[in-house]
Trainee: 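Just passing along the structure, written as structure tokens.
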Amino acid sequence: MEMDKDVQKLNALLDFELLNKLIVGIGEVSKITGIPTRKIRYWEEKGAIQSEQDEEGSTRRYNYLNVKKILLIQEMVDEGFTLDAAIIKVEKRMRTLNEAFQKLANSISDDN
């Protein structure tokens, strides 16, 4: 039974189609993460994250990966890193995680 739950959780993490649909507004990101919208906008201006804007002046919206980046950047800043150093570390971590999950996804699809 426990194994089934673990597999379900893993499948949810590997459901890239689902993750690509998870897009929330800046206010909701702020509420979820506890990071002020002003700081999120500043990080976007610095190129650390990217919002998905459909049209000029529309509300900033962020996907799953950008929310994850926001949380990781804040964690690094809280640990004493400068914003620029945090961005570099987070980008490296995101690449490493992406490569690992791609390998995992490929191994699972090869087993089927």
Side-chain angles (χ1 to χ4, degrees):
M1 292 273 195
E2 279 300 311
M3 185 72 142
D4 289 339
K5 288 181 182 179
D6 290 342
V7 170
Q8 287 175 342
K9 289 178 186 176
L10 179 60
N11 287 340
L13 289 173
L14 294 176
D15 189 346
F16 298 113
E17 188 176 322
L18 171 66
L19 294 179
N20 285 332
K21 292 177 184 176
L22 292 175
I23 299 174
V24 294
I26 191 169
E28 191 170 356
V29 172
S30 177
K31 189 180 197 180
I32 291 167
T33 64
I35 300 168
T37 57
R38 186 177 200 166
K39 186 181 280 189
I40 295 169
R41 285 187 194 100
Y42 176 70
W43 290 353
E44 186 173 353
E45 288 171 18
K46 295 282 286 181
I49 56 172
Q50 293 180 329
S51 65
E52 299 185 10
Q53 293 180 320
D54 292 334
E55 48 194 65
E56 195 67 31
S58 67
T59 302
R60 288 176 167 90
R61 296 166 49 83
Y62 299 91
N63 63 19
Y64 167 79
L65 289 177
N66 277 292
V67 173
K68 186 170 187 141
K69 279 184 179 182
I70 290 167
L71 289 167
L72 290 172
I73 290 168
Q74 185 62 54
E75 181 181 316
M76 296 290 160
V77 169
D78 289 346
E79 290 178 8
F81 289 89
T82 65
L83 179 58
D84 290 335
I87 291 168
I88 291 167
K89 284 188 73 72
V90 167
E91 287 297 327
K92 183 178 178 184
R93 184 180 287 179
M94 295 296 286
R95 277 192 304 276
T96 302
L97 287 169
N98 187 48
E99 290 168 8
F101 276 104
Q102 285 297 330
K103 288 176 187 175
L104 183 58
N106 290 340
S107 72
I108 288 172
S109 66
D110 289 345
D111 291 342
N112 292 331

Trainee: What pair of heavy atoms forms the shortest contact from Ile70 to Trp43, and how long is it?
Mentor: O-CZ3, 3.6 Å

Trainee: Just how far is it from atom NZ of Lys68 to atom CZ of Arg93, taken to the nearest 0.5 Å?
Mentor: 9.0 Å

Trainee: List for me each residue that meets side chain to side chain contact (heavy atoms under 4.5 Å, CB included) alongside Glu79, sequence neighbours excluded, and say none if there are none.
Mentor: Glu75, Met76, Phe81

Trainee: Kindly list each side-chain donor-acceptor pair under 3.5 angstrom involving residues 24-39, sequence neighbours excluded, with atom names and distances?
Mentor:
| residue | atom | partner | partner atom | Å |
| --- | --- | --- | --- | --- |
| Ser30 | OG | Ile35 | O | 2.7 |
| Thr33 | OG1 | Val29 | O | 2.7 |
| Thr33 | OG1 | Ile35 | N | 3.2 |
| Thr37 | OG1 | Arg41 | NH1 | 3.4 |
| Lys39 | NZ | Gln74 | OE1 | 3.3 |

Trainee: So how far is it from Leu72 CG to Glu91 CD, rounded to the nearest 0.5 Å?
Mentor: 10.0 Å

Trainee: Rounded at 0.5 Å granularity, tell me how far CD1 in Ile49 sits from CG in Leu65.
Mentor: 12.0 Å

Trainee: So, do Arg60 and Ile40 sit near enough that their side-chain heavy atoms are less than 4.5 Å apart?
Mentor: no

Trainee: Verify the cluster assignment for Ile73 and Ile88: are they in a single hydrophobic cluster under the rule of side-chain heavy atoms below 4.5 Å apart?
Mentor: no

Trainee: Check for a donor-acceptor pair, side chain of Asn98 on one end and backbone N or O of Met94 on the other, with a separation under 3.5 Å.
Mentor: no

Trainee: Say you draw a straight line from CG of Leu104 to CD of Gln102; how long is it, rounded to the nearest 0.5 Å?
Mentor: 10.0 Å

Trainee: For the backbone of Ser51 and the side chain of Glu44, can you confirm whether one donor and one acceptor N or O come within less than 3.5 Å of each other?
Mentor: yes

Trainee: I would like to know whether Asp84 and Lys46 meet side chain to side chain contact (heavy atoms under 4.5 Å, CB included); could you show each step before the answer?
Mentor: CA-CA 9 Å; Asp84 290 335; Lys46 295 282 286 181; 3.6 Å; yes

